[in-house]
Amino acid sequence: QVQLVESGGGLVQAGGSLRLSCAASGRTLSTNGMGWFRQATGKEREFVAGINYSGATTYYADSVKGRFTISRDNAKNTVYLRMNSLKPEDTAVYYCAAGRSPGIATMTREYDYWGQGTQVTVSS
């Protein structure tokens with residue numbers, strides 16, 4: 001059974017930065033694409049960023065492109081999300097997820113395993 005644990009969330013002022021981490025246990029995820037999603041209060045969960053199994057390819061939602069960077073360290077079984085120039089509209093619970101395929105997926109139904117989420121709050 002795969003377990004994903006996110007960390008690194010918190011309260012930050014607009015324009016600030018945070019780095020989220022997602023540590024996996026149970027088995028290696030070096031053959032799985034990984035993704036970060038977020039869910040704001042009262043809204044549906046939305047795709048933020050994805051990375052393929054090797055880390056060679058990444059993909060971002062338009063709303064975060066140029067500000068967020070997804071990366072992975074397969075030796076540590078960990079995925080990261082570096083968030084710069086944060087805006088109040090980035091406030092949400094952020095989830096990491098392990099995909100069903102080696103590539104990048106943007107739909108929640110393409111992911112088998114989810115973390116419990118970490119809260120990110122950006123004040124104006």
Separation between CD of Q3 and CZ of R27, rounded to the nearest 0.5 Å = 13.0 Å
Do V64 and L86 belong to the same hydrophobic cluster, where Ile, Leu, Val, Met, Phe, Trp and Tyr are linked whenever their side-chain heavy atoms lie under 4.5 Å apart, directly or via other members?
-> yes
Are Y113 and V79 connected in a single hydrophobic cluster, I mean Ile/Leu/Val/Met/Phe/Trp/Tyr linked by side-chain heavy atoms less than 4.5 Å apart?
-> yes
Is V120 linked to V93 within one hydrophobic cluster, defined over Ile, Leu, Val, Met, Phe, Trp and Tyr using a side-chain heavy-atom separation of less than 4.5 Å?
-> no
Under 3.5 Å, is there a donor-acceptor pair linking the side chains of E110 and T108?
-> no
Heavy-atom check, side chain of T41 versus side chain of T91, under 4.5 Å | no
Closest contact, heavy atoms only, M34 versus A98 | SD-CA, 3.5 Å
Would you name the heavy atoms of S124 and P88 that are closest together and state the gap between them?
-> CB-CG, 3.9 Å
What's the spacing between Q119 CD and Q39 CD if we round to 0.5 Å?
-> 11.0 Å
Check: Y111 ring centroid to F37 ring centroid under 6.0 Å | yes
Counting only heavy atoms not in K65, do more than 12 fall under 6.0 Å of its NZ?
-> yes
Close side-chain approach of R19 to M83, heavy-atom, < 4.5 Å = no
Can you check whether I104 reaches T57 side chain to side chain, under 4.5 Å on heavy atoms?
-> yes
Any idea which heavy atoms bring R72 and N32 closest together, and the distance?
-> NH1-O, 2.8 Å
Are any of the side-chain heavy atoms of D90 and F68 separated by less than 4.5 Å?
-> yes
So if you build clusters from Ile, Leu, Val, Met, Phe, Trp, Tyr with side-chain heavy-atom gaps below 4.5 Å, do L29 and W114 land together?
-> no
Should L4 and V2 count as side-chain neighbours, where that means a heavy-atom distance under 4.5 Å?
-> yes
Any chain of hydrophobic side-chain contacts (each under 4.5 Å) joining V12 to V48?
-> yes
Taking T118 for the side chain and G9 for the main chain, is one N or O donor matched with an acceptor at less than 3.5 Å?
-> yes
Hey, does K87 have a side-chain heavy atom less than 4.5 Å from the side chain of R67?
-> yes
Should E6 and L20 count as side-chain neighbours, where that means a heavy-atom distance under 4.5 Å?
-> no
Derivation of the side chain to side chain donor-acceptor pair (under 3.5 Å) call for D73 and T78 = CA-CA 5 Å; D73 184 339; T78 300; over 6 Å; no
Cation-pi, Y95 ring and R45 (6.0 angstrom, 45 degrees) = yes
Do C22 and W36 have side chains that get closer than 4.5 Å, going by heavy atoms?
-> yes
Does E89 CD have over 12 foreign heavy atoms under 6.0 Å away?
-> yes
Taking atom OG of S54 and atom CG of N74, what is their separation to the nearest 0.5 Å?
-> 8.0 Å
Non-hydrogen atoms of A56 and N52 that approach each other most closely | N-OD1, 3.0 Å
Drop me the distance from I70's CD1 to C96's SG, to the nearest 0.5 angstrom.
-> 9.0 Å
For N77 and S30 the tightest heavy-atom approach is OD1-N, 4.4 Å
Which heavy atom of N84 sits nearest a heavy atom of S17, and at what distance?
-> OD1-OG, 2.9 Å
Flag yes if more than 12 heavy atoms outside Y60 fall under 6.0 Å of its OH atom; otherwise flag no.
-> yes
